[in-house]
Amino acid sequence: MTNWIYSMKDVLSLLQHDGYIRENIPNSGEFRCSCPSCGGGKKIDRSFCVDLDTETYHCFKCELKGRFSQNLYAELHNMDKISAKKEIMSRLGIDTLTSFPKNKRYISEPATSIIDANADIASVETRDKVYKTVLTQLSLSDEHKKDLLKRGLTEKEISELGYKTFPGNDISSASNIINALSTQKLSPEGCAGFYKVNDLWACKIPKRDMIMVKYMSFDNKLTGFQMRCNDDDLKRYDKENHVFKGFYDDKYLWWSTKKKKYGSKSAGMIHYACDFEINTNGAWQPKVFEGKSGEKYMCITEGAMKGDIAHIISGKPFICIPGVSIHKDLEKDLPKLKKIDVTTFIICFDADQLMNINVLKQNKKLSEMLMAHGFKVKNGTLWNLTYKTILNNYKKFDLFYDFIFTSKTLKKAIEEKKLNDILDELISLGRLNIFFVHSDRFTKEDKERYSELLKLAKSKNMKSCKYVQYSIKYKGVDDFFAGTQRNVKYV
């Protein structure tokens with residue numbers, strides 16, 4: 001393995017200095033952080049994943065993906081790769097003539113022996129048996145139960161959903177799981193979360209207490225887990241000086257062992273949060289929902305827990321994908337969904353689809369893919385769309401023609417000189433009504449930036465550009481149903 005003249009960590013440190021990365025950067029391994037391109041949402045929304053060893057990177061919310069640190073730098077700084085390489089080396093104090101000879105730069109690949117020793121993914125039936133055995137050896141912690149109750153669930157519903165806690169750094173739970181599998185003569189080979197140490201099976205132990213979030217297949221089989229950490233557990237403190245140091249970067253992790261000997265990557269990347277019924281062939285299948293118009297539909301949202309909560313409160317069926325850009329596993333299931341008479345999909349992504357151009361583009365791709373297979377598509381993000389005009393009138397945003405800039409996103413677009421390109425993209429997406437929103441105080445700087453936005457929007461003959469008052473009440477479909485049906489506000 002030959003070392004790079006500069007590493008992915010070196011480049012991420014430069015991006016951190018430029019304001020693209022906020023989180024602390026490890027020396028190696030997989031790193032999750034807010035996306036340097038689309039922002040990724042709030043502080044603890046780690047949508048961007050980068051492997052510091054192989055230098056691969058991708059965002060679950062936007063189209064940013066690729067390999068090699070200089071390519072990431074080039075894309076974010078809007079320059080070609082050669083210029084990016086020179087600028088990186090210059091900023092790192094590396095002599096571009098003598099320190100970086102031609103054809104001498106190699107990527108550090110993952111250990112070949114580990115890749116070769118990875119197990120093939122086990123069948124759905126095997127994973128279902130193994131993972132259900134895992135859950136028998138775990139229980140739900142009081143803290144995690146308290147958090148789920150705050151989100152609007154009852155104790156009975158929490159039990160029905162089958163959430164369990166894998167205690168952080170708990171060897172005894174891992175040992176109990178392996179012993180239970182052995183007693184039942186179940187091999188975890190090919191099941192993500194398991195690997196071998198000295199020819200003995202072991203399972204991945206999280207660093208902190210994590211909720212094991214189930215991913216259920218079309219035929220009601222347990223195919224894998226995501227691990228979710230509570231927000232409070234993600235806070236890092238300097239205990240000696242009693243200082244808050246930010247957040248850990250692993251709120252959601254797949255229970256995966258793809259880099260371990262005889263380990264396996266996660267499979268079954270979509271989750272059915274719905275009631276199941278047995279068909280005429282004696283097999284399980286999702287129970288679809290019939291609307292007043294006679295259309296049989298299922299809803300689509302981001303994240304298994306979000307869909308679980310929305311389904312169990314509303315009774316509506318949800319298909320949950322890990323990110324707005326991950327559609328492949330869903331597309332594989334479309335023929336089966338058509339066989340059970342699904343005619344319509346209602347897309348219920350978070351409210352940020354009105355203010356994140358990357359989410360808009362992925363939403364469009366998803367809709368086009370579904371329509372290409374003969375399905376109708378509707379936008380189900382019906383919550384929290386009301387804004388107040390300067391005349392104190394209340395109106396609603398149009399999900400198909402409007403786009404929102406916040407003070408933060410407009411400032412970033414102007415400072416990075418991307419506003420013109422963003423407006424051109426919005427026009428291509430049919431977003432002709434532009435809004436600049438504020439929740440309370442409209443500052444002098446806000447007015448100056450709005451003037452620049454207004455001038456540019458007029459020059460492009462966009463339909464309208466207004467500033468209004470607006471604040472997010474319900475971020476997602478889970479918050480919406482918990483708030484409107486159970487009067488619960490989850491913070």
Side-chain angles (χ1 to χ4, degrees), residues 4 6-16 18-23 25-26 28-41 45-85 88 107-110 115 192 226 249-254 256 258-259 265-270 300 302-303 320-332 349-350 352-353 356-369 412 416 418 421-422 425 428-429:
W4 288 66
Y6 55 81
S7 67
M8 174 61 90
K9 181 176 181 179
D10 293 330
V11 174
L12 290 178
S13 297
L14 295 178
L15 295 176
Q16 187 181 54
D18 296 338
Y20 288 99
I21 305 288
R22 298 191 298 271
E23 295 81 1
I25 305 165
S28 61
E30 195 171 87
F31 171 52
R32 294 288 294 273
C33 64
S34 300
C35 179
S37 178
C38 73
D45 183 1
R46 312 305 197 199
S47 62
F48 186 67
C49 179
V50 56
D51 190 315
L52 282 86
D53 301 318
T54 65
E55 300 218 344
T56 55
Y57 56 88
H58 69 276
C59 175
F60 291 107
K61 288 184 175 290
C62 70
E63 294 180 314
L64 182 63
K65 61 181 177 180
R67 194 178 184 193
F68 303 138
S69 55
Q70 70 187 40
N71 295 344
L72 175 61
Y73 189 94
E75 186 162 358
L76 294 173
H77 287 85
N78 196 25
M79 60 174 63
D80 62 78
K81 296 172 187 177
I82 294 175
S83 299
K85 178 183 71 176
I88 290 168
I107 180 67
S108 298
E109 296 287 359
I115 292 178
Q226 260 191 333
D249 58 8
D250 53 358
K251 182 172 184 178
Y252 279 99
L253 293 173
W254 289 104
S256 169
K258 64 182 179 180
K259 292 185 179 180
K265 64 180 180 180
S266 298
M269 301 283 282
I270 61 171
I300 298 176
E302 239 188 304
C320 312
I321 58 179
V324 294
S325 63
I326 302 175
H327 312 148
K328 289 183 180 178
D329 285 296
L330 173 59
E331 190 168 14
K332 292 176 186 175
F349 289 154
D350 286 355
D352 66 353
Q353 66 174 282
N356 188 322
I357 193 166
N358 294 301
V359 174
L360 275 180
K361 289 190 288 188
Q362 294 302 332
N363 196 340
K364 182 182 179 184
K365 282 186 177 181
L366 173 59
S367 298
E368 289 173 347
M369 183 269 286
K412 182 179 178 181
E416 295 179 0
K418 293 181 178 179
D421 292 339
I422 290 173
E425 279 196 281
S428 71
L429 292 168

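- Without hydrogens or angle criteria, Gln70 side chain to Lys85 main chain gives no donor-acceptor distance under 3.5 Å.
- Residues Pro36 and Leu15 have side chains not in contact (no heavy-atom distance under 4.5 Å, counting atoms from C-beta outward).
- Rounding to the nearest 0.5 angstrom, the gap separating the OG atom in Ser256 from the CD atom in Glu30 is 8.0 Å.
- Taking all atoms of both residues into account, the shortest heavy-atom contact from Lys265 to Ala192 is O-CB, 3.5 Å.
- For the atom pair CD1 of Ile270 and NZ of Lys328, the computed distance is 14.0 Å after rounding to the nearest 0.5 Å.
- Considering every non-hydrogen atom in both Pro322 and Glu302, the closest pair reads O-OE2, 4.0 Å.
- By the side-chain hydrogen bond (donor to acceptor under 3.5 Å, both in side chains) test, Ser13 is found to be paired with no residue, residues two or more places apart in sequence or in another chain being considered.
- Between atom OG of residue Ser428 and atom NZ of residue Lys364 there is a gap of 6.0 Å, rounded to the nearest 0.5 Å.
- Rounded to the nearest 0.5 Å, atoms NZ (Lys65) and SG (Cys49) are 13.5 Å apart.
- Under the side-chain hydrogen bond (donor to acceptor under 3.5 Å, both in side chains) criterion, Thr56 pairs with Thr54, sequence neighbours left out.
- Across all non-hydrogen atoms, the minimal contact from Leu52 to Lys9 is CD2-CB, 3.8 Å.
- For Asn71 against Lys81, the heavy-atom pair with the smallest separation is OD1-CD, 3.3 Å.
- Under the 3.5 Å distance criterion, the side-chain polar atoms of Asn363 are left unmatched by any main-chain donor or acceptor of Leu360.
- Here the side chains of Trp254 and Met269 are in contact, with some heavy-atom distance below 4.5 Å.
- In this structure, the side chains of Leu366 and Leu330 come closer than 4.5 Å at one or more pairs of heavy atoms.
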message: For a side chain to side chain contact (heavy atoms under 4.5 Å, CB included) check, start with the C-alpha distance between Ile357 and Leu429, then their side-chain angles and the critical distance, and finish with the verdict.
response: CA-CA 9 Å; Ile357 193 166; Leu429 292 168; 4.1 Å; yes

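- A side chain to side chain contact (heavy atoms under 4.5 Å, CB included) with Leu72 is found for one member of Leu12, Val50, Val11 and no other, namely Leu12.
- Side-chain contact between His77 and Tyr20 is present, with heavy atoms from C-beta onward closer than 4.5 Å.
- Atom OG of residue Ser69 and atom CD1 of residue Ile88 lie 5.5 Å apart, to the nearest 0.5 angstrom.
- At a threshold of 4.5 Å between non-hydrogen side-chain atoms, the residues Met79 and Tyr73 count as touching.
- Going from atom CG of Leu76 over to atom CD of Glu416 covers 8.5 Å, rounded to the nearest 0.5 Å.
- Looking at residues two or more places apart in sequence or on another chain, you find a side chain to side chain contact (heavy atoms under 4.5 Å, CB included) between Lys332 and Asp329.
- Summarising the geometry of Pro26 relative to Phe31, their closest heavy-atom pair is CD-CD1, 3.4 Å, with the distance given to 0.1 Å.
- When every heavy atom of His327 is checked against every heavy atom of Gln362, the shortest pair comes out as CE1-O, 3.8 Å.
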